[in-house]
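Take a look at the structure below.
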Amino acid sequence: MVFRLIPIIWAFVLSFYDWQIFDTPRFIGLDNYAHILSSPIATKILWNTITFALIYVPGSLCIALVLAAILNNSLRISVFFRGTFFLPFITSTVAVTLAWKWIFSTRFGLLNNALAAIGIDASPAWLADPAFALPAVAIVSIWKDMGFYMILFLAGLQTIDPSYYEAARVDGARPVRRFFRITVPLLLRSLFFVLIIALVRSTQTFEITYALTEGGPNRASTTLAYFIYENAFIHFQMGYAAALAYILCAILAIVTLTNFRMRKRWIHE
């Protein structure tokens, strides 16, 4: 009641007010929502959020699924690599971001030096170039979260009966064919669950953005979650931030409900 329900209801009520914390709240109706929908900055940030999700969700799911398929065995070395890939997920986000900030450094970064070593001299300024800032944030987010999704996929893989793979081997099916004909169809339930989790997390990117780029340059890496924080706790526009939060909530609800409606078409008993 105190820490969940009441704040949710209060935030919804607050979205219809103009309130700057130290002033008296002033009822303005739907003006906050109208301003968001007509604002070029809000439109740009919404597209940033969609772009981030389009990079983050397929990237993290594909990498996690491949890792899970490779490490789905009883070898001791596989247990070690499972822990290794899961480690970034439980590591401090600030520590992870500081390491990646050095990797992305324009002059002394590991990534640009590696590119120079293979003959690519025009290395990008990853965190200072508007064209690369958002993909850089997405790369770090994928690297941090893919171990979590890998564990979820491993749990699903271990429910698949090994006799399917044995029969496929007898019939001469190669590993790639076994993966797409057996693993993926029998893993669709887990894939659907992980997809929902990844979609939600793609809209909640804040810590990495804050520590890596602070939404810059020129708002190129600002997403809705960071924009909500910025309006609420930097500009103290609490009513506007609450309206942004509910727009984000509405987008998530639409995407999730659409996925549940589509679920019956691509997941079979």
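These figures come from a predicted structure and were not determined experimentally.
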With rounding to the nearest 0.5 angstrom, report the CE to CD1 distance, M150 to I70. 11.0 Å
Which atom names give the shortest non-hydrogen contact between L212 and K101, and what distance separates them? O-CE, 3.7 Å
Quick one: closest heavy-atom pair of I55 and A138, and the distance? CG2-CB, 3.6 Å
Is it true that F132 and F104 have ring centroids separated by less than 6.0 Å? no
Side-chain heavy atoms of [X] within contact of [Y], under 4.5 Å:
X    : Y    : value
T205 : Y56  : no
F193 : I197 : yes
F52  : S141 : yes

Count the heavy atoms belonging to other residues, nucleotides or ligands that lie under 6.0 Å from CD1 of I41, then report whether that count exceeds 12. no
Can you list the other members of the hydrophobic cluster that holds [X], where links are side-chain heavy atoms under 4.5 angstrom apart?
X   : result
I28 : none
V94 : L98
F3  : V2

Please list all pairs meeting side chain to side chain donor-acceptor pair (under 3.5 Å) that have one or both residues in residues 228-250, counting only residues at least two apart or in different chains. R219-E230
Any side chain to side chain donor-acceptor pair (under 3.5 Å) pairs touching residues 102-118, not counting sequence neighbours? N112-W126
Checking side-chain contact (heavy atoms from CB on, under 4.5 Å) for the pair L199/V57: CA distance, chi angles, key distance, verdict? CA-CA 6 Å; L199 281 170; V57 175; 3.9 Å; yes
Sequence neighbours excluded, every pair satisfying ring pair (Phe, Tyr, Trp, His ring centres under 6.0 Å) that has a member inside residues 146-180: F89-F148
